[in-house]
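Comments concern the structure below.
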Amino acid sequence: MSDEEDGGENCRKKLRLTKDQSAILEESFKEHNTLNPKQKMALAKRLGLRPRQVEVWFQNRRARTKLKQTEVDCEFLKRCCEQLTEENRRLQKEVAELRALKLSPQFYMQMPPPTTLTMCPSCERVAAPPSSAAAQPSAAHPRPLPVNPWVAAPVTIRPFEALHPRS
DNA sequence: GGAATCCAAGTCGTTACATCA
DNA sequence: AGTGATGTAACGACTTGGATT
């Protein structure tokens with residue numbers, strides 16, 4: 001039931017390529033997503049199509065591949081945004097808690113142990129962490145998101161005594 | 001500079017399929 | 001269960017405009 005090659009002078013629309021034709025085109029597209037004129041002619045001959053049809057198929061395929069990839073990227077960025085929003089919320093909360101602690105120095109001793117940066121609550125200087133590895137992502141705390149320069153790493157403030165030990 | 005060619009982007013018309021009354 | 005109307009995604013083809021040769 002093939003209406004292939006009706007050969008009319010004004011070969012109007014010929015919709016729906018056969019499964020075999022589509023498969024061969026897909027296979028060829030996987031190898032190279034653009035065709036030079038020689039490849040186009042050869043492929044058209046092999047498929048029993050006009051070179052123009054092969055050309056159009058490749059143009060459409062590129063466009064639709066790009067569209068699909070854009071959708072995937074968009075979805076990924078959406079998830080990144082959600083994660084960053086959540087991290088931002090968490091950090092804001094942490095900052096608020098630390099500010100509250102700063103106003104109540106008697107609670108310094110009850111703070112959890114430091115993990116990353118150290119800061120003197122009086123002079124507000126940040127000291128280098130005991131080990132630089134502590135500031136790096138680890139297997140236990142991977143950072144699956146792409147690097148985002150606008151997102152600061154979590155900050156942990158050390159108690160006053162840690163920066164100004166009594167001799 | 002103008003013609004020819006290629007490609008991306010946007011669009012249109014058709015087809016296949018799913019859903020519903 | 002069969003059927004026609006409707007909506008929608010996929011697809012082939014076309015048009016247009018920019019870039020390149």
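Within every chain, numbering begins at 1; the chains are lettered A, B, ... in the order of the sequence lines, protein sequences first and strands thereafter. Worth knowing before you read on, the calculation uses all heavy atoms, side chains too, and leaves out hydrogens, waters and symmetry mates.
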Rounded off to whole Å, could you give me the [atom1]-to-[atom2] distance for the [X] and [N] pair?
X       : N      : atom1 : atom2 : result
A:Glu55 : C:dT15 : CD    : P     : 14 Å
A:Leu17 : B:dT14 : CG    : P     : 17 Å
A:Gln59 : C:dC11 : CD    : P     : 16 Å
A:Asn60 : C:dC11 : CG    : C1'   : 7 Å
A:Arg50 : C:dC14 : CZ    : C1'   : 12 Å
A:Phe29 : C:dG12 : CZ    : P     : 13 Å
A:Leu49 : C:dA13 : CG    : P     : 8 Å
A:Phe58 : B:dT5  : CZ    : C1'   : 18 Å

Path from A:Phe29 to A:Leu49 over hydrophobic side-chain contacts below 4.5 Å: yes

Single-linkage hydrophobic cluster, 4.5 Å side-chain cutoff, A:Leu17 and A:Leu35 together: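 Yes, A:Leu17 and A:Leu35 fall within the same hydrophobic cluster.
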
N/O (side chain, A:Gln53) to phosphate O (OP1/OP2, C:dA13) under 4.0 Å: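 Checking C:dA13 against A:Gln53, a side-chain N or O does come within under 4.0 Å of OP1 or OP2.
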
Residues A:Arg89 and A:Glu86 bridged, charged N to O under 4.0 Å: yes

A:Lys30/A:Glu26 salt bridge by N-O under 4.0 Å criterion: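 Not counted as a salt bridge, because no side-chain N and carboxylate O are separated by less than 4.0 Å.
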
Choosing from [options], which nucleotide comes nearest the side chain of [X]?
X       : options               : result
A:Arg52 : C:dA13, C:dT15, B:dA8 : C:dT15
A:Lys66 : C:dC14, B:dA9, C:dG12 : B:dA9
A:Arg16 : C:dC11, B:dA8, C:dT15 : C:dC11

Residues touching DNA chain C, which here means a heavy atom under 4.0 Å, drawn from residues 32-39 of chain A: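 Under 4.0 Å from DNA chain C: no residue of residues 32-39 of chain A.
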
Side-chain heavy-atom pair A:Asn33, A:Thr65 within 4.5 angstrom cut-off: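 In short, these two side chains do not touch, never coming nearer than 4.5 Å.
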
Side-chain donor/acceptor of A:Arg64 to base of C:dG12, under 3.5 Å: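 Between C:dG12 and A:Arg64, which were checked side chain against base, a qualifying N/O pair under 3.5 Å is present.
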
Side-chain donor or acceptor of A:Glu31 paired with backbone N/O of A:Ser28 under 3.5 Å: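 Not confirmed, A:Glu31 side chain does not pair with A:Ser28 backbone.
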
Distance in Å, A:Ser22 OG paired with A:Arg61 CZ, rounded so as to fall on 0.5 Å steps: 10.0 Å

